[in-house]
Engineer: 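Structure in structure tokens, see below.
It should be emphasised that the depicted structure is a prediction, and the values quoted were computed from it without experimental measurement. Index from 1, following the sequence.
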Amino acid sequence: MLVYPSGVDVSSSALRFLTQQLRRHRRAIGSRWRRLTAGRQALLTLAHLRMGHTYAQLAAGFDIGTTTAYRYVTEAVELLAALAPSLADAVRTASMKAYLILDGTLLPIDRIAADRPFYSGKHKKHGMNVQILADPFGRLLWASPALPGAVHDIRAAREHGIIDALAEADIPCWADKGYRGADGTVRTPCWGRWDTLSAGQQAVNRSHAKIRALVEQAAAALKSWRLLRKLRCSTTRITSIIQAVLTLHLTSSE
């Protein structure tokens with residue numbers, strides 16, 4: 001395999017943060033000699049998450065074995081996932097916001113047609129359903145654990161307890177028609193075909209769409225980590241990867 005110098009478009013603060021966490025972890029478990037320093041292990045993990053490089057590519061680039069690359073990435077991802085904010089943390093942060101925006105996104109996965117629970121009829125592909133909370137400026141605040149792609153957005157929001165948490169905190173939330181019937185503080189557009197809506201309802205829907213459109217920035221921020229654009233790992237590991245990416249994103253945004 002050919003090896004060449006490359007770059008990772010992640011802020012240096014994310015690298016320093018992950019390096020510091022890895023150093024603490026190594027001291028805590030009494031780890032001695034490693035093939036890579038904490039800084040190189042952090043860079044290896046960022047290259048995997050941000051660029052989507054395979055373990056074989058990482059192993060060649062860092063001059064280590066494929067198994068070692070997998071073990072180092074898994075260790076770092078688990079550390080980061082443990083630091084991810086919970087829904088309660090996100091709600092406390094959002095209590096100082098005027099409102100939130102809720103939306104679901106599908107993370108494509110490598111699955112065959114027989115895997116029906118992971119097939120999203122809306123997106124016509126296999127994937128994992130992830131719920132996103134964004135602030136009024138479209139900044140990503142929180143991403144939920146992953147559910148199979150066949151799960152509808154409103155069901156996913158209820159399973160994660162998002163609707164109840166927002167209602168209890170009395171935080172207004174804008175969402176699309178997929179959350180119709182959510183009640184609480186979730187606000188959805190007026191239901192019906194555009195030509196059957198009154199002029200007032202059309203104006204409300206236009207205003208609603210302008211507010212809700214900003215959540216696309218949060219979804220784009222999540223998917224700027226290229227590994228999430230096509231996940232080829234076990235579905236049981238996807239939630240940890242999402243939480244690790246969320247931690248790094250929030251760290252870089254501070």
Engineer: How long is the gap from CD on Q202 to CG on D195, to the nearest 0.5 Å?
Structural biologist: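 Between Q202 CD and D195 CG, I get 8.5 Å after rounding to 0.5 Å.
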Engineer: Tell me whether S252 contacts the main-chain N or O of L248 through its side chain, where contact means a donor paired with an acceptor under 3.5 Å.
Structural biologist: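 Flag set: sc S252 to bb L248 pair under 3.5 Å.
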Engineer: Is H126 reaching over with its side chain to a backbone N or O of Y119, donor-acceptor style, under 3.5 angstrom?
Structural biologist: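 Answer holds: no.
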Engineer: Check E159 with R155, please: is the shortest side-chain N to carboxylate O separation under 4.0 Å?
Structural biologist: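 Between E159 and R155 there is a salt bridge, with a charged N closer than 4.0 Å to a carboxylate O.
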Engineer: Heavy-atom distance under 4.5 Å between the side chains of Q41 and R26, does that happen here?
Structural biologist: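 Yes; the side chains approach each other to less than 4.5 Å.
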Engineer: Taking A146's backbone N and O only, do any of them form a donor-acceptor pair with T239's side chain (distance below 3.5 Å, no angle check)?
Structural biologist: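 Flag set: sc T239 to bb A146 pair under 3.5 Å.
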Engineer: Less than 4.0 Å between a side-chain N and a carboxylate O, is that true for D9 and R226?
Structural biologist: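 A salt bridge is present here (some side-chain N lies under 4.0 Å from a carboxylate O).
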Engineer: Would you say the side-chain atoms of Q217 pair up with the backbone N or O of L214, donor to acceptor, closer than 3.5 Å?
Structural biologist: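 Between the backbone of L214 and the side chain of Q217 there is no qualifying donor-acceptor contact (under 3.5 Å).
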Engineer: Is the shortest heavy-atom distance from the side chain of R35 to the side chain of W33 under 4.5 Å?
Structural biologist: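 Result yes, sub-4.5 Å side-chain heavy-atom pair found.
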Engineer: Do other residues, nucleotides or ligands put more than 12 heavy atoms under 6.0 Å from K125 NZ?
Structural biologist: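 No, the 6.0 Å shell around NZ holds no more than 12 heavy atoms from other groups.
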Engineer: I'd like to check R180 versus P189 (side-chain heavy atoms, cut-off strictly below 4.5 Å). Are they in contact?
Structural biologist: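 Counting from C-beta outward, R180 and P189 never come under 4.5 Å.
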Engineer: Is T247 reaching over with its side chain to a backbone N or O of A84, donor-acceptor style, under 3.5 angstrom?
Structural biologist: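 Flag set: sc T247 to bb A84 pair under 3.5 Å.
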Engineer: Heavy atoms, side chains only, cut-off 4.5 Å: are W174 and V215 in contact?
Structural biologist: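 No, their side chains stay 4.5 Å or more apart.
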